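Naming: A, B, ... by sequence-line order, numbering from 1 per chain. The figures that follow rest on heavy atoms only: side chains count, while hydrogens, waters and symmetry mates do not. Since the model is a prediction, treat every value here as computed from it, not as a measurement.
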Amino acid sequence: MDFATIIEILDSAVRLGTPLLLACLAGLFSERAGIFDIGLEGKMLMAAFFSGAVAAVTGNAWLGLLAGIGGSMSLAMVHGLASITFRGNQLISGVAVNFLASGFTVLIAQSWFQQGGRTPQLSGNGRFEPITLPGAEAVKDVPVIGQIYSNLISGHSILVYVAFAMVPLTWWVLFRTRFGLRLRAVGENPESVDTAGVSVIRLRYTAVAITGALAGLAGTYLATGLAAGFVKEMTAGRGYIALAALIFAKWRPVPALGATMLFGLLEAISNRYPNIDLGVVNLPIQFMQAVPYILTVVILAGFIGKAIPPRAGGQPYVKER
Amino acid sequence: MEKTPKWVDVALIPVLNLLIAFVISGIVVLLIGEDPIKAIKVMVSGALGSPYGWGYTLYYATNFIFTGLAVAVAYHASQFNIGGEGQATLGGLGVALVLLAFPWPHWSIALIAAMIGGALFGAAWAAVPAYLQAKRGSHIVITTIMFNFIGASLLNYMLVNVLRPRGAMDPATARFAKETYLPTFHDLPLIGQFFSKSVPANVSFFIALLACWLVWILIWRTKLGFEIRAFGRSETAARYAGISPVKVIMVAMLISGGLAGLMAINNVMGQGHRLVLNSVEGAGFIGIAVALMGRNHPVGVFLAAILFGFLYQGGGELALETTIPRELITVIQALVILFTGAFDNMLRAPIEHFFVARANAQKEA
Amino acid sequence: MVGAQANEAGRQATAALATQAPAIELKGISKAFGTVQANKDISIRVMPGTIHGIIGENGAGKSTLMSILYGFYKADAGEIWIKGQRTQIPDSQAAISAGIGMVFQHFKLVQNFTVLENIILGAEDGALLRPSLAKARKELKRLAEEYELNVDPDELIEELSVGHQQRVEILKALYRQADILILDEPTGVLTPAEADHLFRILDNLRKEGKTIILITHKLREIMEITDTVSVMRRGQMTATVKTAETSPEQLAELMVGRKVLLNVTKAPAQPGKTVLEVEKLRVVDEDGIERLKGIDLNIRAGEILGIAGVAGNGQSELLEVLGGFAKATGTIRVNGEEIDLTGKHSDGQSRRRRGISHVPEDRHHLGLILDFAAWENMIFGYHNDAAYQKNAFVMDNAGIVQHTQEAMERFDVRPPIPTLPAKSFSGGNQQKIVLAREIERNPTLLLVGQPTRGVDIGAIEFIHKRIVELRDQGAAILLVSVELDEIRSLADRVAVMFDGRIMGHGPVESATQTGMGCLMAGLGGDDVRGMDGWTISDEAAPEETA
Amino acid sequence: EPALIYDLGGKFDKSFNEAAYNGAKKWAEETGGSYKELEMQSEAQREQALRKLAESGANPIVMTGFAFGDTLNTVAPDYPDTKFAIIDMVVDQPNVESIVFTEEQGSYLVGLMAGMASKTGTVGFVGGMDIPLIRKFACGYVQGVKAANPDAKVIQNMTGTTPAAWNDPVKGGEIAKAQISQGADVIYAAAGGTGIGVLQAAADGGILSIGVDSNQNYLHPGQVLTSMLKRVDNAVYDAFKAGADLKPGIKVMSLADDGVGVALDDNNKALVTPEMLTAVDQAKADIISGKVTVHDYMSDDSCPVQ
Ligand SMILES: Nc1ncnc2c1ncn2[C@@H]1O[C@H](COP(=O)(O)OP(=O)(O)OP(=O)(O)O)[C@@H](O)[C@H]1O
Ligand SMILES: Nc1ncnc2c1ncn2[C@@H]1O[C@H](COP(=O)(O)OP(=O)(O)OP(=O)(O)O)[C@@H](O)[C@H]1O
Ligand SMILES: [Mg+2]
Ligand SMILES: [Mg+2]
């Protein structure tokens with residue numbers, strides 16, 4: 001395997017890891033605030049559809065982005081209503097959100113475009129095209145550094161750079177701002193926040209809304225960056241992988257970057273080398289596909305560093321029994 | 001809270017929630033420019049209007065009874081088994097392996113063996129998450145989700161690389177021997193004359209009914225059920241009483257996984273006659289809705305399974321008879337889960353408030 | 001406000017104010033949780049610069065009332081006046097603005113945050129944390145000096161002892177410049193030394209002119225520190241009196257609604273052979289903290305051993321180990337046979353088969369399953385007994401209901417309806433169900449924890465009578481209670497626990513109030529040595545060093 | 001009333017199933033008749049879908065895709081009076097017409113063009129689900145490429161092992177990008193809906209692509225070299241037209257009877273050089289005359305060239 005191939009695989013890993021990263025950070029906000037979210041998949045799917053649809057109709061990817069975020073946020077609000085206002089079971093709500101998105105996107109897509117649940121093919125401004133960073137062309141032939149810069153770092157869609165920027169931003173918000181302090185507190189012990197005179201409900205809704213926005217970015221990237229339009233079930237389990245990455249990263253932003261890129265890399269490798277022959281064993285593609293889930297179970301089992309979720313996670317905040 | 005009559009909890013609230021889900025589904029149908037009334041008509045006549053429709057409705061219901069019971073049993077032990085999908089998938093593998101392994105002389109013998117195979121494989125797929133929950137406190141919801149995906153990959157591997165007959169293109173096993181085909185409703189005495197040869201409902205339906213009864217006995221009549229319920233209601237009290245949490249979680253999840261795996265006698269052995277990818281078709285997830293609606297009671301599970309069987313079959317007909325895509329069913333299903341599950345308190349709180357106020361008023365008087 | 005003069009001035013100012021308006025005035029507060037009327041038409045006034053005590057049985061509604069004052073719950077009816085002003089307190093933010101701070105019975109701290117982070121939570125100065133943290137650090141230092149409230153600002157809460165956590169809670173309130181401080185049962189979790197320290201702090205705060213409401217179950221504390229005291233019973237305020245003008249006896253009577261019988265009439269014990277022998281019993285909990293540090297004790301047939309001590313000194317763990325749901329090292333013998341402490345037979349079922357019955361301290365979380373019907377609760381823990389099975393497969397539900405009906409009648413459970421869920425019974429009747437279940441087995445050894453907590457006086461007498469009856473039938477009984485009076489009136493012998501050890505044990509007759517009090521604090525001075533027939537542990541520190 | 005069942009890729013996959021749809025549409029427009037159609041949602045519902053249509057009296061019932069083979073084999077005998085047609089699979093039943101195509105021939109032709117159009121000497125192939133049928137495409141393609149340039153390298157990838165491989169444009173795009181980075185400058189996608197992602201990635205990467213089944217030249221005008229036409233539309237049209245008189249047995253649609261071919265239209269006019277045209281015409285004539293035989297992978301499950 002030569003250097004160019006490695007760069008190419010890493011490049012692919014970045015592209016495939018980006019939706020996971022955005023979705024993972026999305027989940028991070030919600031779960032850090034004590035709202036479990038297994039509905040990331042649904043929110044991404046909804047965003048993928050609305051961004052694809054609006055971008056197709058208007059020919060403007062930015063409008064698509066807005067619509068995608070809107071679609072994802074509306075599901076986030078359903079989840080918020082269920083988990084915060086009605087104090088329902090967050091897991092059940094997540095399951096419902098996934099189904100809702102899965103059915104609703106196809107239903108609407110079919111009604112709007114009559115293309116069997118897909119949106120028209122996007123082109124030109126309807127997509128977030130790759131951006132060539134300044135100087136990338138110039139240094140293309142400089143060995144190693146130049147190759148890394150022009151082939152790996154440059155040449156992604158704007159949403160990829162947004163996703164990467166979200167990592168330090170998320171860290172900063174979470175650990176360096178008042179909002180972050182309160183958000184973490186509400187996921188650990190909502191009573192502490194409530195008795196400190198801060199509204200648990202408002203905090204949690206804000207968190208859920210941020211989750212919606214980030215999951216919206218993730219879905220939009222799928223439909224308008226990675227692909228050129230929406231097809232049904234195009235998230236293909238990425239929401240669950242993002243959830244796995246979140247656990248893998250123990251609900252922390254920087255490890256989330258590592259986990260999602262690892263899972264992106266696994267996908268990139270299995271794209272290029274469907275069967276990996278290790279000499280002793282031949283790893284079939286199905287194994288490669290299952291690796292993120294297997295790793296997550298191992299982490300959950302606590303054999304390699306235990307993943308402890310936010311203490312109040314999954315429980316509705318109920319003052320009166 | 002105990003002042004609210006029981007019928008409110010088991011009947012009124014679920015029915016109202018269901019109504020809301022249906023009304024919103026109707027609005028969705030309107031939104032996509034179709035006629036909801038017509039949609040209902042098509043669904044009702046397609047699913048319930050003929051023996052053909054019933055044959056399919058009951059076939060689907062059979063699947064949902066198994067997965068619904070699976071969710072319910074685990075729920076009584078306060079375990080949210082979201083892995084019914086994976087367990088049923090593996091159950092299918094178990095059934096297929098059993099049926100392909102031997103030249104079974106008669107369906108009845110094959111059925112018993114297949115039941116053991118399906119249940120064992122389903123239980124095995126629940127065992128790891130159960131063990132991790134019991135021993136290491138790993139959140140069972142997340143591990144069972146992960147196991148759904150791992151199970152799908154495993155089945156994919158088995159079908160593509162191991163079980164696919166030579167020269168065949170689709171990832172599926174060979175057909176089972178004719179001797180192992182389960183009698184369908186058409187083949188049964190008395191009712192056979194009403195059903196055509198093509199209906200898939202088969203003797204598994206009666207096994208599902210039996211499973212309902214056995215689950216009822218288990219939960220409400222046996223020592224084990226007592227321990228499961230006690231643990232489910234109060235883990236600390238169960239420990240005080242000397243009930244082993246590990247035992248209860250393991251046993252409940254193994255039974256749950258086994259029930260989900262048993263579903264395969266219906267869809268794989270009874271209908272498909274071979275194992276294909278995704279033969280479970282989301283029944284594992286529907287089991288959650290079924291258990292929620294059925295309030296985790298076998299009778300409720302049975303009724304809810306019939307309802308979802310109706311939705312499933314009716315939805316299939318919709319796709320055929322109208323331009324409404326079959327995904328409408330997914331939406332209805334989502335809304336039912338949402339309203340009977342996650343939004344349950346929306347109606348419950350005001351209704352209970354009403355009854356509490358009434359109780360207080362009576363107390364005053 | 002540094003310096004004695006300023007202090008003096010402040011006190012005078014508040015004293016002047018005291019003659020004008022109460023710091024707090026509640027008028028007609030009512031609150032219901034579902035069908036439970038937790039507070040009913042409650043009115044009280046508290047003057048500034050005073051400490052006001054509130055006492056009442058468990059469930060009387062004390063915490064609820066204070067939570068309403070703090071905006072944590074919303075009252076169904078009533079008015080709140082702060083410093084002479086009608087004040088709406090819809091949420092805690094409003095309470096904080098009105099200068100109210102509260103230390104809850106169950107602390108509201110974020111376990112994996114530092115002290116500093118907990119302090120500023122909700123009281124940050126701006127959108128960024130850094131300046132707030134710096135300011136809080138400085139302020140904390142000042143407060144620590146002023147009120148002897150030392151805590152390491154960078155320590156995680158989960159690393160702190162309970163006493164220190166409580167200091168953080170107080171600091172939280174002071175940081176928010178509270179001049180009205182509510183403390184809900186602050187000493188329940190403290191060692192006597194910590195409690196004394198707390199009272200010194202409270203005294204300092206009072207001198208500063210702050211108003212304090214102190215909820216406690218301990219009459220001693222009320223008498224020691226409060227200026228005025230209110231008594232609550234069943235959601236109502238039954239009396240408010242000046243502390244100086246009342247006595248513990250009067251308060252106790254007000255609390256339970258009638259004269260308290262301090263003694264149970266019982267015949268002298270007729271101890272038989274030794275039933276329970278415990279040697280070198282040690283328990284280490286999940287966090288690695290040693291909860292029992294080598295317990296030795298024994299109980300003979302026909303006697304009641306009372307375990308006294310401040311809650312949290314290992315009594316609960318002792319019961320849990322004996323009852324079979326906590327692991328331990330050491331030896332336990334029942335009727336000479338050693339009991340499995342860690343292996344396959346170390347569970348509650350095996351203990352029950354050996355004739356050990358257990359009435360747990362916490363009936364809601366351990367003793368009962370509130371959603372289960374009375375008949376199910378009546379066999380809970382004994383459900384595997386052959387007597388309750390119809391055949392190899394199913395249980396004899398009808399038979400169990402019948403049996404329950406009879407037991408309920410014998411134990412005067414009201415209403416005697418076996419199919420009613422446990423949660424529909426009142427606390428006293430719930431406790432009777434648990435007792436019926438455990439006592440009806442005729443155990444050789446009965447473990448009882450807090451048998452009359454939150455139970456009304458009529459039921460208390462009944463329960464005490466049944467326990468003594470059981471003793472007279474020859475059972476060995478281990479009684480754990482935080483109520484010294486209960487220990488005194490029921491037990492034949494007393495052992496005092498402190499910090500996971502038995503500090504001393506001896507006959508109840510020679511136990512003096514002060515002597516036991518010293519042992520409960522881990523002290524072993526002259527008061528203790530003077531008790532006839534008592535064996536005192538070497539661990540008990542001579543009084544002077546404390 | 002005839003009926004058409006689409007496979008999992010869905011009616012509008014812009015490829016295989018869409019070709020079938022176009023055939024049915026053409027028939028409906030010409031005859032003014034109406035037909036029933038059904039899209040498969042899941043593997044397990046094949047049988048119900050077939051039976052449903054058969055029960056409803058539809059005749060003939062046409063289905064696209066080999067995956068129906070096994071199911072049809074059990075269902076067809078139950079409805080002896082109904083005629084079935086299955087595309088891409090041979091089902092030996094008295095009331096079934098099995099329609100198969102000589103995809104290796106069409107793929108040979110586009111391979112020829114790819115080999116000529118490639119400047120790097122490296123071309124790519126992206127298949128859908130890894131099954132003999134798709135290897136047949138690949139093998140024909142490689143033979144064509146080598147005929148034009150014996151030194152050319154062909155990078156081959158399959159998208160997956162399950163039917164989901166027909167409908168994963170994101171993965172298709174990633175595979176195409178990988179091939180581009182390995183030097184491929186023409187990529188042939190035989191992957192149903194997944195191919196859309198391949199064509200997109202090729203267009204984004206500034207290289208040429210080759211579509212499949214339907215004429216996909218229009219998707220990226222000037223960037224799709226050509227499309228390997230598989231006249232599924234004709235097959236459906238013919239079956240519908242035959243109606244109840246559909247002739248059971250195997251029907252092979254080959255280059256000779258325009259069953260397969262290459263798409264030439266305004267969209268790729270500029271890309272197709274006169275030399276290419278000549279070569280394609282020559283090869284076509286040679287294949288039809290038997291002078292050139294293109295190896296069929298499925299005849300012996302192997303391919304002589306790589
Ligand atoms: N959040 C709640 N929801 C429902 N009922 C409650 C709630 N909090 C308290 N109660 C009920 O209100 C009554 C009063 O409870 P409260 O906690 O105020 O008592 P308390 O006097 O503080 O008792 P303790 O001495 O045990 O702390 C009890 O019957 C209790 O069960
Ligand atoms: N946690 C609870 N959940 C639901 N209802 C409760 C709860 N606690 C108490 N109740 C209800 O409130 C009523 C009064 O309960 P409570 O324990 O205050 O009784 P009580 O008057 O103190 O009686 P007792 O003197 O026997 O303890 C009970 O009959 C019961 O129906
Ligand atoms: Mg209290
Ligand atoms: Mg009470």
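- Here the CD-CD distance, from C:Gln349 to B:Glu227, works out to 5.5 Å after rounding to the nearest 0.5 Å.
- The main-chain N or O of C:Phe325 is found under 3.5 Å from a side-chain atom of B:Arg239 such that the two form a donor-acceptor pair.
- With respect to chain B, the highest number of heavy-atom pairs below 4.5 Å among C:Asp371, C:Asp396, C:Asp347, C:Leu420 belongs to C:Asp371.
- Heavy atoms from other residues, nucleotides or ligands lying under 6.0 Å from OH of B:Tyr75 number 12 at most.
- Although no hydrogens or angles enter the test, the distance criterion places a donor-acceptor pair under 3.5 Å between the side chain of B:Thr236 and the main chain of C:His365.
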Q.
Please evaluate residues C:Phe372 and B:Arg229 with respect to the criterion side chain to side chain contact (heavy atoms under 4.5 Å, CB included), reporting the C-alpha separation (whole Å), side-chain torsions for both, the decisive distance (0.1 Å), and the verdict.
A. CA-CA 9 Å; C:Phe372 268 20; B:Arg229 284 186 300 128; 3.6 Å; yes

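- There is no contact between C:Glu320 and chain B, counting heavy-atom distances below 4.5 Å.
- For C:Arg351, no part sits under 4.5 Å from any heavy atom of chain B, backbone or side chain.
- Here the closest heavy-atom approach between residue C:Gly381 and residue B:Ala241 is recorded as CA-CB, 3.7 Å.
- When the candidates C:Ile369, C:Ile379, C:Leu368 are compared by the number of heavy-atom contacts under 4.5 Å with chain B, C:Ile369 comes out ahead.
- Within a 6.0 Å sphere centred on NZ of C:Lys327, other residues, nucleotides and ligands contribute more than 12 heavy atoms.
- For the side-chain contact (heavy atoms from CB on, under 4.5 Å) with B:Tyr240, the qualifying choice from C:Leu319, C:Asp362, C:Leu366 is C:Leu366, the only one to do so.
- By number of non-hydrogen pairs under 4.5 angstrom with chain B, the leading residue of C:Gln389, C:Lys390, C:His383 is C:His383.
- When all heavy atoms of C:Phe380 and B:Ala237 are compared, the pair lying nearest together is CZ-O, 3.3 Å.
- Counting heavy-atom neighbours within 6.0 Å of B:Tyr131 OH, excluding the residue itself, gives a total of 12 or less.
- Contacts between B:Ile243 and chain C at a heavy-atom distance below 4.5 Å involve backbone atoms as well as side-chain atoms.
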Q: Could you walk me through whether C:Phe393 and B:Ile217 pass side chain to side chain contact (heavy atoms under 4.5 Å, CB included), step by step?
A: CA-CA 9 Å; C:Phe393 305 103; B:Ile217 298 270; over 6 Å; no

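- Neither the backbone nor the side chain of C:Arg353 comes within less than 4.5 Å of any heavy atom of chain B.
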